[in-house]
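Below: the structure, in structure tokens.
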Amino acid sequence: MINFMKKIYVIAAVLVMLFPSVVKAQGFRTFIDLSVGGHSFGGAENVALPSGDSFGDIQNELTFGLNITGGYQMFPWLFAGVGFGGYTNYIHFGHSEWGSEHAFNGIYFPFYADFRWTLNINRRVTPYVDVKIGYQVGVSVGDSEIGYFYGDNYSSDCELRCGYKSGFYFLPSVGVRFGKGSAFNLGIAYNPTIHKTVFLSSRQWAGDSQEIFSSSKGTLLLTLGADF
């Protein structure tokens, strides 16, 4: 019985010592993160056209966006919240006759749940791992035309458009947090849900279009943000 009570006292003493740091680390927090990235992960891709020729060297050249997250720091090592954001990607296309073409394939608006593990939020410099998971809504940017030709199966010339896809959103990242209380965050993220999509449509009949290529190998991103 005495040994049991000693264990209880030891556990209570440890909890008392930990309690101030737990209270200090708990509370509502807001994260604002900027992201920018370059070429597609996995390299360029090619797509055959109904005209018999093809586009090549299809890849992301630039991706940039913003995420805003709000939630609760449950423990010094765990944050959970929800957020939303927006990003777009600038895509390169190559063609033997038309040369290089570039287009924005759309603007994406993700809505997600966010979980962030931090080694020790009370340290001035500490690593973190973050995972955002949810759904993204795509919106077109102009007509995003990248080329046209006379198709064998169409009575008029056709155009190729760089398109978008709504769907699953997933953004894992790792980085380092600098500061106590409010802080800056620097990290590397990977977005595997970025799509490179090509649609073929007739200029004569409105709404006559079909998807002829889509890939989502994703892009590495540099993230810079702040939390408070």
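The residues of the chain are indexed from 1 along the displayed sequence. Fair warning: this is a prediction, and the values are worked out from it, not measured in the lab. Values below: every heavy atom of this structure, side chains too, minus hydrogens, waters and symmetry copies.
Residues Asn60 and Lys196 are in side-chain contact: their nearest non-hydrogen atoms beyond the backbone lie under 4.5 Å apart. Using a 4.5 Å heavy-atom cutoff, the side chains of Ile32 and Phe228 are in contact. Residues Ile91 and Ile58 meet the side-chain proximity criterion, which asks for heavy atoms closer than 4.5 Å. Between Phe170 and Val131, some side-chain heavy-atom pair lies under the 4.5 Å cut-off.
A distance of 6.0 Å or more separates the ring centres of Phe178 and Phe184. Taking the ring centroids of Phe31 and Phe79, they lie under the 6.0 Å cut-off.
For Tyr112, the side chain to side chain contact (heavy atoms under 4.5 Å, CB included) partners at least two apart in sequence or on another chain are Asn67, Thr69, Pro110, Asp114, Lys132, Tyr169.
Using a 4.0 Å cut-off between charged nitrogen and carboxylate oxygen, Asp227 and Arg177 count as a salt-bridge pair.
Side chain of Ser166 to backbone of Gly138: a donor-acceptor contact under 3.5 angstrom is found. Distance alone, capped at 3.5 Å, places no donor-acceptor pair between the Glu45 side chain and the Lys217 backbone. In this structure a side-chain-to-backbone donor-acceptor pair under 3.5 Å is present from Thr88 to Gly106. Within the 3.5 Å criterion, the main-chain N or O of Gly37 finds no donor-acceptor partner in the side chain of Thr63.
A cation-pi arrangement is found for Arg116 relative to Tyr128, the charged atom lying closer than 6.0 Å to the ring centre and inside a 45° cone about the ring normal.
Nearest approach of Phe109 to Val139, heavy atoms of both residues: CE1-CG2, 3.8 Å. The two residues Ala189 and Leu171 make their nearest non-hydrogen contact at CB-CD1, 3.9 Å.
Ring geometry for Tyr90 against Phe104 counts as tilted: the plane angle lies between 30° and 60°, on a 0 to 90° scale.
Between the side chains of Asp57 and His92, at least one donor N or O lies within less than 3.5 Å of an accepting N or O.
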